[in-house]
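The structure appears below as structure tokens.
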Amino acid sequence: MTDVLAVAEHRQGELRDVSRELVTAGSELAAETGGDLHVAVIAGDVDAYAEALSLEGVDTVHTVAYGEEFNHDVYTQVVIQLFDELAPSYLLTPNSVNGLDYAPAVATRLDLPLVTDAIDLETAGETLVATREMYGGKVETTTEVEADTVAVTIRGAEWPAAETGGDPAVEAFDADVEEGAIGSTVTGFEEVAGGDVDITEADLLVSVGRGIEEEENLELIEKLADALDATLSSSRPIVDAGWLPANRQVGQSGKVVTPEVYIAIGISGAVQHVAGMKGSDTIVAINTDPNAPIMDIADYAIQDDLFDVVPALIEEFQ
Amino acid sequence: MKVLVPVKEIATVEDEFEIDGTAIDERFLGADLNEWDDYAIEEAVQLQEDGVVDEVVTVTIGDEDTEQTIRQALAKGADRAIRVWDDALEDLDLLDVGAKVAILEQVVADEEPDLVLTGVQSGDDSFGATGVALAEAVGYQWAAVVNQLDLDGDTASVHRELEGGIEELTDVEVPAVLTIQTGINEPRYASLRGIRMAQRKDLDHQTLADLDVDPEAIAGDLNLTAMYEPESESDTTVFEGSADDTAGQLADLLRDAGVAQ
Ligand SMILES: Cc1cc2nc3c(=O)[nH]c(=O)nc-3n(C[C@H](O)[C@H](O)[C@H](O)COP(=O)(O)OP(=O)(O)OC[C@H]3O[C@@H](n4cnc5c(N)ncnc54)[C@H](O)[C@@H]3O)c2cc1C
């Protein structure tokens, strides 16, 4: 029998979607061996979060009302204490920016093998088998972990959200947070990427990635956007290079867009990019690499050089 | 103040490739400086140029071939480099987070840097966990996914890039490990002078025994058992033909969808 401890994530008063997906991943694992699923929620209005976490498959929600928002030192200390108390086999956290700010520390302190960014999990006897991607999604791998206890971070949007209607016990966990060991202080939040254009409003997005190679070449994509009367957006490297402002960036750390048609030009389709555009009605990819992940996500694909296809497409609309 | 920058040479894969067992067939692999580490090096070098930092040291776990990549880091302005390699590492098909930390923590113990700047992740196996795990192992403070850094005495004031265009402002006590996100700066190209100077900079090779690393810690508990091309999940329509043909088909699609005339 193997118990699972899953740590929920919230921000600025909202439980994040991945928390419900984590419950699904956790309850599947627990069910395979007849173990229990424990869910921890730390900081903020934990009673409200516990209510929202009363999902199918959850046996116990452990609440720790300490602080308002995420602090990695507090999370690290509390998760270690819960792990010691509950002695689960598996620790599950989201593979989010905050998940990766404490899970590796917890794993190190508890001497647990760590698998990050899992997209599927199974057990084979005592062994945990995790599926992960490598090389920006060009291949998938399975990794077997030979240990009684394992820490895993799971990728968002890979498991369905757990259904409501569970009836877990809710228990306040009496964590002993050592204030002296807290060496980081969150002083605030800032929203970035405001500005003139709102790419989330567009029906047709022409989106450009690193395949464009040079800043001068951006003109070609701008011409296409003009010809189509479309809005121009991009993947991250274009914004990192300063070729387009941050409000044009699609993805995990940029904007989530849902246009009628999204044309990805010279974009590979890394998971953090896809997080921002997979809700588009129709996805078109223009890419030289038939194995780029975007070519699989796309509804329509052109496997060719953008410097040949884009001028021809501009021609069509002049 | 001293900065240590762990630098990884990543494997890159050609468009068309074959898989051999649990790895990409070597014929289809290339090598490159990890994109995120390029930004970490730049951040360290800029701190040095600003007079905040006295020395920038890089550390790479890699065989002799990686010296080409290490010289790139030196050419961009790092002062000296450490390369850790050992026969014991040769046969591993996966160096997991725990194994990397077992090595890097000894380097931190020797060098005693005030700041360790790692990349957020590596572009090939993308664990994204080495920096934070290292921090805990050596008892340093940390912050993950940093896209702005200001040092003021013993405090690093950072912006952490969260999801959805939100940044978290955090003060972290130094010594600390910060994992650096792309876009924090504009990495420079090495100058010709930099490249010449890099040839003369110290590049020190260390074995596991030199560093007192327990060989047991390197084996790790993770075993790569399969590698395959992902199964197609959607049915993609591929437009065939010349660029004119495919552009024509796409134009029809856009007109039919009513999003362009
Ligand atoms: C914490 C975190 C947050 C992130 N947030 C985001 C985010 O919000 N948005 C985002 O986009 N990324 C984000 N990233 C980065 C992401 O991991 C990828 O690095 C990035 O999306 C890659 O951008 P790209 O597809 O333009 O470049 P690449 O991956 O380099 O792809 C370029 C593509 O262009 C193709 N190509 C090259 N030449 C041509 C040609 N002549 N014609 C046609 N095709 C060509 C290539 O085949 C390749 O597929 C984030 C990463 C991290 C770690």
Side-chain angles (χ1 to χ4, degrees), chain A residues 96-97 100-101 104-105 107-109 113-117 134-136 138-147 183-193 203-204 228-229 239-240 252-254 260-261 282 284 288-289 291 295-304 308-309 312-313 316-317, chain B residues 13 15-16 19 96-98 101 123-129 132-133 135-137 141 143-145 160-163 165-173 182-183 186 220-230 232-234 236-239 243-244 246-248 250-251 253-254 257 259-260:
Chain A
S96 56
V97 170
L100 289 172
D101 200 37
T108 300
R109 185 96 64 90
L114 172 66
V115 179
T116 60
D117 206 16
M134 274 179 71
Y135 303 109
K138 288 188 89 164
V139 299
E140 281 180 17
T141 62
T142 51
T143 302
E144 291 188 4
V145 194
E146 286 169 44
S184 65
T185 318
V186 178
T187 59
F189 291 94
E190 235 176 64
E191 197 156 349
V192 284
D203 290 336
L204 176 58
L228 292 173
D229 202 13
V239 171
D240 282 346
Q252 168 184 310
S253 47
E260 283 178 40
V261 180
T282 301
V284 180
T288 40
D289 180 0
N291 294 309
M295 301 296 261
D296 190 33
I297 298 153
D299 300 291
Y300 299 91
I302 297 175
Q303 190 214 318
D304 205 346
D308 295 330
V309 178
L313 192 56
E316 288 279 342
F317 288 92
Chain B
V13 187
D15 286 359
E16 307 272 1
I19 293 169
D96 71 8
V97 175
V101 168
D124 48 10
D125 54 24
S126 304
F127 279 109
V132 172
E136 177 60 36
Q141 260 302 322
V145 193
R160 294 183 56 234
E161 182 196 272
L162 305 181
E163 293 84 359
I166 306 279
E167 294 183 358
E168 180 202 276
L169 282 51
T170 303
D171 287 343
V172 183
E173 289 168 13
T182 60
E186 273 186 55
D221 301 297
L222 271 54
N223 294 308
L224 209 58
T225 50
M227 180 180 285
Y228 49 91
E229 289 188 45
S232 178
E233 278 170 20
S234 61
T236 305
T237 305
V238 181
F239 291 147
D244 284 336
T246 55
L250 178 50
L253 174 83
L254 297 175
V259 290

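Chain naming here is simple, since letters A, B, ... match the order of the sequence lines and numbering starts at 1 in each. What you see below is based on every heavy atom in this structure, not just the backbone, and it leaves out hydrogens, waters and symmetry mates.
- Options B:L250, B:L169, B:T246 differ in how many heavy-atom pairs under 4.5 Å they form with chain A, and the most are formed by B:L169.
- Your options are A:T185, A:T288, A:L100, A:I297, and the one with the most heavy-atom pairs under 4.5 Å with chain B is A:T185.
- When B:V13, B:V132, B:V172 are compared by the number of non-hydrogen pairs under 4.5 Å with chain A, B:V132 comes out ahead.
- Both the backbone and the side chain of B:A251 come within contact range of chain A, each with at least one heavy atom under 4.5 Å from a heavy atom of that chain.
- Here B:P230 is the residue among B:P230, B:A143, B:A260 with the most heavy-atom pairs under 4.5 Å with chain A.
- Of the N and O atoms on the side chains of B:T182 and A:D240, at least one donor lies less than 3.5 Å from an acceptor on the other residue.
- Residue A:D229 does not touch chain B at all, counting heavy-atom pairs closer than 4.5 Å.
- Proximity to chain A (any heavy atom under 4.5 Å) is shown, for B:V259, by both the backbone and the side chain.
- Looking at residues two or more places apart in sequence or on another chain, you find a side-chain contact (heavy atoms from CB on, under 4.5 Å) between A:A107 and A:L112, A:L114, A:A151.
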Item to check | Stepwise side chain to side chain contact (heavy atoms under 4.5 Å, CB included) check, B:S126 with A:M134 | outcome: CA-CA 7 Å; B:S126 304; A:M134 274 179 71; over 6 Å; no
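- Between the B:T236 side chain and the A:A298 main chain, a donor and an acceptor come within less than 3.5 Å of each other.
- Of the two parts of B:D96, neither the backbone nor the side chain holds a non-hydrogen atom closer than 4.5 Å to a non-hydrogen atom of chain A.
- The candidate from B:A257, B:A144, B:G220, B:G128 with the greatest count of non-hydrogen atom pairs under 4.5 Å with chain A is B:A144.
- No other option in A:T282, A:L228, A:D117 has as many heavy-atom pairs under 4.5 Å with chain B as A:L228.
- Between chain A and the residues B:L254, B:D171, B:L224, B:D125, the most heavy-atom pairs under 4.5 angstrom are made by B:D171.
- Shown here is B:E229, whose CD atom has more than 12 heavy atoms of other residues, nucleotides or ligands within 6.0 Å.
- Here the CD-CD distance, from B:E161 to B:E167, works out to 6.5 Å after rounding to the nearest 0.5 Å.
- Chain B forms the most heavy-atom pairs under 4.5 Å with one residue out of A:G183, A:A312, A:P113, and that residue is A:G183.
- The contact between A:V284 and chain B is made entirely by side chain atoms (from C-beta outward), counting heavy-atom distances below 4.5 Å.
- Contact annotation for B:Q141: only side-chain heavy atoms (C-beta onward) come within less than 4.5 Å of a heavy atom of chain A.
- Residue with the most contacts toward chain B among A:D101, A:N291, A:V115: A:D101 (heavy-atom pairs, distance under 4.5 Å).
- The distance from the CG atom of B:L222 to the OG1 atom of A:T141 is 9.5 Å, given to the nearest 0.5 Å.
- Among the candidates B:V97, B:L253, B:V101, the residue making the largest number of heavy-atom pairs closer than 4.5 Å to chain A is B:L253.
- For the options A:L204, A:V145, A:V186, heavy-atom pairs under 4.5 Å to chain B are most numerous at A:V186.
- Of the residues considered (A:E316, A:M295, A:E260), A:E316 shows the highest number of contacts with chain B, using heavy-atom pairs under 4.5 Å.
- Checking side-chain atoms of A:T142 against main-chain N and O of B:A226 turns up a donor-acceptor pair under 3.5 Å.
- For A:T108, the side-chain contact (heavy atoms from CB on, under 4.5 Å) partners are B:A133, B:E136, B:A137, not counting sequence neighbours.
- Side chain of B:R160 to main chain of B:E168: no donor-acceptor pair is present (N/O by atom type, distance under 3.5 Å, no hydrogens or angles).
- With no hydrogens or angles considered, no side-chain donor-acceptor pair links A:S184 and B:T170 at under 3.5 Å.
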